[in-house]
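Written out below as structure tokens is the structure these notes cover.
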Amino acid sequence: MRVGVLTGGRDCPGLNAVVRAVVRKGVQQYGDEFVGFVDGWRGPLDGETVPLDIPAVRGTLPRGGTILGTSRTHPLDHPEGVRRIRENLAKHEVEALITIGGRDTLGTAARLADEYGLPIVGVPKTIDNDLSGTDCTIGYDTAVGVATGAIDRLHTTAESHKRVLVVEVMGGDTGWIALRSGLAGGANVILIPEQPFDVEQVCAWVTSRFRASYAPIVVVADGAYPKDGSMRLGPGSGVRLSGVGEWLAGEIEHRSGKEARTTVLGHLQRGGSPSPFDRWLATRFGLHAIDAVHEQDFGTMVALRGTDVVRVPIAEATARVKRVDPKLYEEVGVFFG
């Protein structure tokens, strides 16, 4: 077969490992040829490709980012988007398309497969770990490791200066990165979007740690917000931009009288070499994705369930956001304050 591959949405570690596994198994076991579409959905939309064979993927297993490039292009926003994709797949003689992405990219893939009959197999990636169809997404483990390492380093400077250090991590609408890295890094407060927080309670936890002669670390997901709605919103559309960490540090300093500083990890969580787990997961996903192509199991996404890689409908996997269960959050509450 002649198979297309694209990586869409925001980048994350492990994307190249998926592409490498798809190409290696496709060429060696099935005798496939591959076409790499550049910059996410823009590639099939504009017909822009790069050569994709075994030499092209050699040495990419530990490499971050994506050799195919990525973008947040939405082809269904274009009046002729579906027609242009069909024509470009036909032009390049592509018989199936492996789409590696998060909620937006795979949501588009689901519609193209289910409503327009395009032969697509999905692979889940996002550091946010918010896809309901899989236990874990590519990139999440690496992001947690980066955040945990930063928290470990910040403990000593917090203690040296007797300051509150607020660490803002990514996560979008979910608190998976904050919860796991905060627990692993020994944070004294963890704030997530699923549980709106009380600023006074946060200040009480901070004060209690100082009474124990210990400078606290507060980990906050960039989508977290206070119960009273006092968090500032981003200009225009009403969508709040990253900045909750800086805002919270100011509130803590004002209300508690304790000096507070903010560290925003931002895109550090997306960059660099994937963790061993992400390399393992991405490789397995790639191997199973090319099998799904040859079994013509289109409209499905490979997913991790326990230790098994299974297939689920892409539409089902993207239908809802996987959020942190309140019970899971309550488990770690014993460490707060």
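Every value quoted in this text rests on a predicted model; they were computed, and no experiment measured them.
- Remark: K162 does not engage E259 in a salt bridge, criterion side-chain N to carboxylate O under 4.0 Å.
- Remark: R153 CZ is loosely packed, at most 12 non-hydrogen atoms of other residues, nucleotides or ligands lying under 6.0 Å away.
- Contact check on R84 versus D46 returns a salt bridge, with a Lys/Arg side-chain nitrogen under 4.0 Å from an Asp/Glu carboxylate oxygen.
- Judged by distance alone, the side chain of R163 and the main-chain N or O of A158 form no donor-acceptor pair under 3.5 Å.
- Rounding to the nearest 0.5 Å gives a distance of 5.0 Å between CG of D130 and OG1 of T174.
- Cluster membership check: V121 shares its hydrophobic cluster with L68, using side-chain heavy-atom separations under 4.5 Å among Ile, Leu, Val, Met, Phe, Trp and Tyr.
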**OP:** Step by step, work out the side-chain contact (heavy atoms from CB on, under 4.5 Å) result for T318 and L131.
**Re:** CA-CA 6 Å; T318 57; L131 282 167; 3.9 Å; yes
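- A donor-acceptor pair under 3.5 Å is absent between the side-chain atoms of H155 and the main chain of I217, judged by distance alone.
- The shortest side-chain heavy-atom distance between L248 and F197 falls under the 4.5 Å cut-off.
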Original post:
Hey, mind stepping through Y116 and I85 against side-chain contact (heavy atoms from CB on, under 4.5 Å) and telling me if it holds?
Top reply: CA-CA 11 Å; Y116 300 99; I85 290 175; over 6 Å; no
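- Separating the SG atom in C136 from the CZ atom in F285 is a distance of 7.5 Å, to the nearest 0.5 Å.
- A salt bridge is defined here as a Lys NZ or Arg NE, NH1 or NH2 lying under 4.0 Å from an Asp or Glu carboxylate O, and K91 with E87 fails to meet this definition.
- Heavy-atom neighbours of E93 CD from other residues, nucleotides or ligands within 6.0 Å: at or below the threshold of 12.
- Residues M301 and E316 have side chains not in contact (no heavy-atom distance under 4.5 Å, counting atoms from C-beta outward).
- The closest side-chain heavy-atom distance from T66 to N16 is below 4.5 Å.
- Side-chain atoms of T70 do not come within 3.5 Å of backbone N or O of D39 as any donor-acceptor pair.
- Judged purely by atom type and a 3.5 angstrom limit, T148 has no side-chain atom pairing as donor or acceptor with the backbone of G185.
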Subject >> Working for side-chain contact (heavy atoms from CB on, under 4.5 Å), residues E194 and Y329 >> reply: CA-CA 9 Å; E194 293 87 345; Y329 184 70; over 6 Å; no
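- With rounding to the nearest 0.5 angstrom, the CG atom of L118 is 10.5 Å from the CZ atom of F298.
- Counting non-hydrogen atoms of neighbouring residues, nucleotides and ligands closer than 6.0 angstrom, the NE2 atom of H254 reaches no more than 12 such neighbours.
- D135 places a side-chain N or O within 3.5 Å of a backbone atom of G306 that can act as its donor or acceptor partner.
- For the residue pair D278 / T142, a side-chain donor-acceptor distance below 3.5 Å is found, with atom types taken as modelled.
- Without hydrogens or angle criteria, D308 side chain to V310 main chain gives no donor-acceptor distance under 3.5 Å.
- Ion pair R180/D141 flagged as a salt bridge, since at least one NZ, NE, NH1 or NH2 atom sits closer than 4.0 Å to an Asp/Glu carboxylate oxygen.
- Under the 4.5 Å side-chain contact rule for hydrophobic residues, V189 and V144 share a cluster.
- With a 6.0 Å radius and a threshold of 12 heavy atoms from other residues, nucleotides or ligands, R284 has its CZ atom above the threshold.
- Classification of D128 and R10 as a salt-bridged pair fails, no side-chain N sitting under 4.0 Å from a carboxylate O.
- A donor-acceptor pair under 3.5 Å is absent between the side-chain atoms of W41 and the main chain of L76, judged by distance alone.
- Annotation: side-chain contact (heavy atoms from CB on, under 4.5 Å) contacts of E115 (sequence neighbours excluded): R111.
- Side chain of D222 to backbone of G172: a donor-acceptor contact under 3.5 angstrom is found.
- Each of K25, R2, H294 was evaluated against D32; a single residue qualifies, H294, per the side chain to side chain donor-acceptor pair (under 3.5 Å) test.
- V18 pairs in a side-chain contact (heavy atoms from CB on, under 4.5 Å) with only one of the listed residues (L287, V57, I138, T7), which is I138.
- At least one side-chain heavy atom of D173 sits less than 4.5 Å from a side-chain heavy atom of R323.
- Electrostatic pairing of E80 and R86 does not count as a salt bridge here, judged by no charged N lying under 4.0 Å from a carboxylate O.
- Not a single donor-acceptor pair under 3.5 Å links the side chain of E251 to the backbone N or O of V199.
- You'll find the side chain of V293 stays beyond 4.5 Å of the side chain of Y30, heavy atoms only.
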